[in-house]
Every structure is written in structure tokens, then in C-alpha cells.
Amino acid sequence: MSEILRLTEAYVKYGDIPALSGVSLTAKQGDMIFITGANGSGKSTLTKAIAGLLPLSAGTLTRTPRMSYVPQYEEGDRDFPASVREIVLTGTQRPGNFFHTKADRQHAEAAMNALGISGLADSEIRTLSGGQLRRVFLARAVCGQPELLLLDEPCAGLDAQTHETLFTILRGMLAEGCAVVMVTHDISDIDGIPEGRVIRISAGRILTHE
Ligand SMILES: Nc1ncnc2c1ncn2[C@@H]1O[C@H](COP(=O)(O)OP(=O)(O)OP(=O)(O)O)[C@@H](O)[C@H]1O
Ligand SMILES: [Mg+2]
């Protein structure tokens with residue numbers, strides 16, 4: 001199995017304040033990695049560092065460019081005119097490719113269908129509930145057919161059925177060789193999910209690899 005992600009001895013600071021200290025993590029094709037820890041322990045910082053959104057002050061990051069990232073949901077202003085379908089389709093965009101192919105559209109329709117939002121495809125995103133919007137961002141991430149899927153607290157705000165749907169989708173992607181890194185502060189989110197490694201972090205350091 002080929003390697004998808006390698007983070008070695010990574011340090012991240014916000015100003016002078018350390019947020020990650022000496023974190024190392026690797027993922028190969030088909031790996032499921034859960035990252036857990038208390039509020040403020042550095043989980044989102046770690047996913048942003050892997051996504052390339054935060055610079056490392058020391059250490060190295062090597063990963064596939066075919067990555068989809070779903071940030072932790074925060075209530076914010078989303079009052080701009082875009083439909084669900086338009087947002088999901090942006091997940092198929094690749095550098096230098098500004099047009100959607102027929103296959104891109106099919107992937108977007110399949111992802112909306114899998115997440116149960118086909119009926120909302122023409123709705124403007126400002127009219128959605130928080131949980132519906134999460135499903136839109138998950139569909140967007142899934143339809144890009146990533147080699148690495150980074151999910152920051154994807155289960156927050158999802159109903160039980162959508163939670164189950166998400167894991168069914170993830171299992172399918174893992175079977176096709178996608179590596180998944182998923183943050184959850186609530187370990188009960190992954191109860192009954194035997195496959196996968198659990199990494200606990202505290203104050204920006206990895207405590208345990210299980
Ligand atoms: N943009 C920022 N500027 C300064 N400090 C930050 C910033 N973002 C996060 N921090 C700090 O870095 C630490 C780690 O934050 P992070 O968001 O990674 O935690 P988390 O484990 O994801 O927490 P939560 O469970 O609440 O989502 C915290 O002490 C936080 O206050
Ligand atoms: Mg967080």
C-alpha cells in the first residue's frame with residue numbers, strides 16, 4: 001500500500017504560542033485514523049496543518065495533492081447566492097481545470113444522493129439547516145474522489161441516520177484506497193467502528209497511538 005501522508009516532528013505556533021509540538025503521523029492507502037482529545041488540544045490545528053492551511057514552524061509534511069478537507073463547522077455568514085449543486089460541484093475542481101465534465105456532474109449527483117440531499121440540489125445554501133449544510137460539505141468532499149479525506153468533527157450536528165450514512169460512505173472510500181483522517185472530541189461517535197487507529201492528543205502533543 002502506498003503512503004498518502006507523512007507528517008514528521010511537526011511544530012505549529014500561533015504567534016509565540018505553541019499549538020502543536022513534535023507531532024508525527026503517517027497514513028497509507030485505506031487507513032482510517034481517528035484523532036481525539038479535549039477542546040483546545042490541537043485537533044483542528046493538526047488538520048489545518050495537514051491541509052496546508054497553517055505553516056509548520058519546524059518539521060516536514062508530505063502528502064498527496066488529491067485531498068478533500070471539511071473544516072469544523074462554525075456558524076457564520078453564508079448568505080451568498082449559490083445552490084447546493086453548485087457548492088457540491090466545486091469539490092470536483094482540480095488545478096487548471098475550470099470546467100465540469102459529465103463525469104464530474106455524475107460524481108456530484110451520486111454524492112448528493114448518497115448523503116440524501118438530492119432533493120435540495122437547487123436550494124440556495126442560505127436556506128439550509130446546519131445539519132443539511134454539513135451534508136452539503138461532506139458531499140462536496142466525497143465527490144472529488146480524494147486520496148486523502150480530512151474531516152474535522154464531521155459528526156457534530158448530524159442525526160443518527162446521517163451519521164450511519166457517513167460511515168457507510170467512508171467504508172466504501174476506504175475500500176477503494178482512500179485514507180481518512182477524522183477528528184472527533186466525542187469518542188462515542190466512533191463506538192462500534194472497529195477498523196481504524198485512534199490517536200489522542202493533549203496540549204499539542206500526541207499522547208497515544210492505539
Ligand atoms: N487562530 C488562532 N489564533 C491563536 N490561537 C489559536 C488559533 N486557533 C486555535 N488557537 C489555539 O490553539 C489551541 C488549539 O486549538 P484547536 O482549535 O486546534 O483545538 P481543538 O482540539 O480543535 O479544539 P475543539 O475541540 O474545541 O475544536 C487552543 O489553545 C486555541 O486557543
Ligand atoms: Mg477543533
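Heavy atoms only: backbone and side chains are in, while hydrogens, waters and symmetry mates are out. Both counts, for ligands and for their atoms, begin at 1 and track the order of listing.
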Note, [X] side chain near [Y] side chain (heavy atom, < 4.5 Å):
{"X": "V136", "Y": "L120", "answer": "no"}
{"X": "L5", "Y": "L61", "answer": "yes"}
{"X": "E153", "Y": "K43", "answer": "yes"}
{"X": "L166", "Y": "P154", "answer": "yes"}

- Message: Strictly under 2.8 Å, how many protein N, O or S atoms lie near the Mg ion (ligand 2)? Waters don't count.
- Response: 2

- Message: L158 vs L138, test: side chain to side chain contact (heavy atoms under 4.5 Å, CB included). Steps then yes/no.
- Response: CA-CA 11 Å; L158 291 188; L138 288 168; 4.2 Å; yes

- Message: Among V23, V183, I206, exactly one meets side chain to side chain contact (heavy atoms under 4.5 Å, CB included) together with I201. Which residue is that?
- Response: I206

- Task: Report the residues that fulfil side chain to side chain donor-acceptor pair (under 3.5 Å) with S44, sequence neighbours left out, ordered by chain and then residue number.
- Result: Q72, D152

Side-chain donor-acceptor pairs under 3.5 Å in residues 7-18, sequence neighbours left out?
| residue | atom | partner | partner atom | Å |
| --- | --- | --- | --- | --- |
| Y14 | OH | T45 | OG1 | 2.9 |

- Task: Can you tell me which residues line ligand 1 if we count any heavy atom under 4.0 angstrom from one of its atoms, in chain and number order?
- Result: Y14, A38, N39, G40, S41, G42, K43, S44, T45, Q72

- Task: Please confirm whether the backbone N or O of R105 pairs with a side-chain atom of R85, one donor and one acceptor, at under 3.5 Å?
- Result: no

